[in-house]
Protein chains: 4
Amino acid sequence: MGVTMHGTKQQRRGNTRRRILDVALELFAEQGYEKTSLREIAEHLGVTKAALYYHFRTKEEILVSLFEGLTQPVEELIEWGRRQPHTLETKQEIVRRYDRALADAAPLFRFMQENQATVRELRIGDAFKDRMRGLKDIIIDPDASLADQVRCVSAIFTLHAGMFVMQDLGGDPEERREAVLEVAIDLVTQAHRGAHGS
Amino acid sequence: MGVTMHGTKQQRRGNTRRRILDVALELFAEQGYEKTSLREIAEHLGVTKAALYYHFRTKEEILVSLFEGLTQPVEELIEWGRRQPHTLETKQEIVRRYDRALADAAPLFRFMQENQATVRELRIGDAFKDRMRGLKDIIIDPDASLADQVRCVSAIFTLHAGMFVMQDLGGDPEERREAVLEVAIDLVTQAHRGAHGS
Amino acid sequence: MGVTMHGTKQQRRGNTRRRILDVALELFAEQGYEKTSLREIAEHLGVTKAALYYHFRTKEEILVSLFEGLTQPVEELIEWGRRQPHTLETKQEIVRRYDRALADAAPLFRFMQENQATVRELRIGDAFKDRMRGLKDIIIDPDASLADQVRCVSAIFTLHAGMFVMQDLGGDPEERREAVLEVAIDLVTQAHRGAHGS
Amino acid sequence: MGVTMHGTKQQRRGNTRRRILDVALELFAEQGYEKTSLREIAEHLGVTKAALYYHFRTKEEILVSLFEGLTQPVEELIEWGRRQPHTLETKQEIVRRYDRALADAAPLFRFMQENQATVRELRIGDAFKDRMRGLKDIIIDPDASLADQVRCVSAIFTLHAGMFVMQDLGGDPEERREAVLEVAIDLVTQAHRGAHGS
DNA sequence: TATGAATGAGTGTTCATTCAT
DNA sequence: CATGAATGAACACTCATTCAT
């Protein structure tokens, strides 16, 4: 078919569902959700479109599955954050852990960031918003100044941007990631100091 | 047809092109580029799809037109920035001016941010990237530490985020915008200080 | 395409809508609504499926259009009936007029009778039911005995059956139609006599 | 799955075939043959589609089975009718027995009446027509007037209509059925009298 | 007896685009 | 300046059916 097929017929048995998710994530991240057709996914896998429908009820459900599978760590992080004291150390640790979660599910987060308009109208839109709100709640001091609140959100966004936009900043990836992390931690630290006196 | 029409037939004469752009921007920003069909735009205007093709050769050209019309200020800002000395004051002024440009063309920037995946594949994708690179070049010190470079990019992203994502931070819009601006200026200031000694 | 095309390209201009309705009625009546695909209709006309969608918003709307165009006479009949005195002569005239309306829109009524299950779930289902109820109301005496009410409904059904099921009764069509009409009139007459004394 | 399942796993053993037929009849009658998918039937039963194919070779065969199982009484009635003298009493008895057969297999007959277009193209179409013809032959006097022949067919149709269409006539079901029966018997009686002198 | 996995052919529908008028 | 009419290509989705296990 003039299209790359992943794996032979042998390995395909029993893990088609996984393979669909893998290919879908790859294509969604690369081209966007709308521009990726089920035909395309199916062709990459060497199966028919109908096969996709055996494993997922709609195109959207594929995305939902991806989302659920990959954002659990963030949920756990929020859960954890809620139970910690609101100290500076906690917040710094949250940033560090979020950075790790982000790196682990990089393609999905890239997708989420680049397809916000699409995601907003889909079922996962709200879930994503909730998660962001949850994150904010555990690093933002409710009675901090507006500027300090902005600093916290900015820290999160810096991490996001670090994943994708900052790739052309030069330096090797590991150094870059450390620099990004440093800035993010710096931001929450400043925010914390602002709220709790030097 | 149960659809809001903008303006009466009288006012429509002669400025259809403008009205197409207005409605298109509104819908692109609201629903995304792919999910907005030409039929929809035409219906909102009370004209036929074919009429759109009198004014624009393709759907993409509508977007290009929007982009060109609204990002000129940013281009001029970059032009201006290039001719200034690389002092702290200049950088702070750049941030201030960018903030203003952003506010003036808010719907377009919202669109650009929420439809990155789409934009990337379109003709304006490269133009947008160039512009961002231009911006970076005039606020980033080439020999600054990686972290300080990150701070500068972060400042820009903070402004972007301020436009949309931070709307649920509370406070009235004007206060919020000031807070965002403060943080962004703070970031470039820190970056500058880092590079040029306290 | 190996498919009969109706009319040359010349005659097609401007009356495609009508031609769609004609072909659709023909096919719906012949094969049923569900088994008739839009591809089939389009092929019979020598146009693309998309052309159908220029003239009708959905498949169902084609049917609705057919229905509305062809059942107006029945509506008018009901309207007329409501304004008449409830005499025997009126009822007999109603039966006669209904017979004529039926004959004029025979294919549609055949379709309605043979696709009841389908029609029930469609938008026209209720309209059809309403019309039948309206008919009943103008020939049934509300305080007639149950049996006499049945006679009236039976008269209507006899007319329906006469259109299609009784075609293999022998005799020439005109004679058959007269016989059917006679029986139907007989039924409402008996019903009327039952209710109003000899 | 949010779907009614009939019976527990215990009772299911061994009588799946029956249960398939039951559910299929229920759904066919309710939604029509075409709009009822095998997936739907399978889900209602709590089995997979493939299981249906163990018991029936095609979807159509399910319908054939239903038909055969439920119309045997009518066949026997026709057989019986053929052997009786063509007296008025015989005809009246035929109507009475047919009424009973109809009531016993009501859902199937409802289905047949509401899905004529579908049934016509299926294998059972001819069988059904044959049966109707058989019925006609035993209540219609071949040398009766056309009108009297119509009366006989009308009697049959009155019974059919009585099953479904006349449900909104008011009165309790039993009374209604009696009224319908009365009219049907009346019709064949008139037809007989017409043919054999007062 | 049944299931898990898949297919091929189809469905109705939408889209950006074209062009004679 | 704009419309009416149409197209070709695509899309998400559904269906009856098959078959190895």
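Residue numbers start from 1 in every chain, and the chains themselves are labelled A, B, ... in the order their sequence lines are given, proteins ahead of strands.
Taking NE2 of C:H55 as the reference point, atom OG of C:S65 lies at 12.0 Å (rounded to 0.5 Å).
In DNA chain E, consecutive stretches of 3 or more Watson-Crick or G-U wobble pairs with both distances under 3.5 Å are given as paired ranges: E:2-21 with F:2-21.
Distance A:R19 CZ to E:dA6 P: 9 Å, rounded to the nearest Å. Following rounding to the nearest Å, D:L45 (CG) and E:dA2 (C1') show an atom-to-atom distance of 13 Å. Nucleotide E:dA5 holds its P atom 15 Å from the CZ atom of A:R18, rounded to whole Å. Straight-line distance from the CG atom of D:L63 to the C1' atom of F:dA16: 15 Å, rounded to whole Å. Rounded to an integer number of Å, the gap from A:I20 CD1 to E:dA5 C1' is 11 Å. Across the protein-nucleic acid pair, B:L52 atom CG and E:dT18 atom P stand 13 Å apart, rounded to whole Å.
Across every non-hydrogen atom of C:P107 and C:A29, the tightest pair is O-CB, 3.9 Å. Contact record, B:A117 with A:G32: CB-CA, 4.0 Å, taken as the closest heavy-atom pair.
Test B:T71, B:L21, B:D22 against B:L66 for side-chain contact (heavy atoms from CB on, under 4.5 Å) and you get one pass: B:L21.
Contact annotation: A:Y54 reaches the phosphate of E:dA5 (side-chain N/O to OP1 or OP2, under 4.0 Å). At the phosphate of F:dC1, neither OP1 nor OP2 sits under 4.0 Å from any side-chain N or O atom of B:T16. Taking 4.0 angstrom as the limit, A:H55 places none of its side-chain polar atoms (N or O) nearer than this to OP1 or OP2 of E:dG4.
Remark: the separation of the P atoms in F:dT21 and E:dT1 is 22 Å, to the nearest Å.
Ring orientation note: the planes of B:F128 and B:F109 are tilted relative to one another, at an angle of 30° to 60°.
More than 12 heavy-atom neighbours from other residues, nucleotides or ligands sit within 6.0 angstrom of CD on A:E61.
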How does protein contact run along nucleotides 10-15 of chain E, one letter per nucleotide 5' to 3', with B for base contact, S for sugar-phosphate only, - for none, heavy atoms under 4.0 Å?
-> BSBBBB
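Checked for salt-bridge contact, D:K35 and C:E34 miss the test: no charged N lies under 4.0 Å from a carboxylate O.
Within the cation-pi definition used here (under 6.0 Å to the ring centroid, within 45° of the axis), C:K59 qualifies as a partner of C:Y33.
Side-chain atoms of D:Q113 and C:Q113 form no donor-acceptor pair, as typed in the model, at a separation below 3.5 Å.
Along DNA chain E, the nucleotide nearest D:T48 and the nucleotide nearest A:T48 are compared for position; the residue whose nucleotide lies closer to the 5' end is D:T48.
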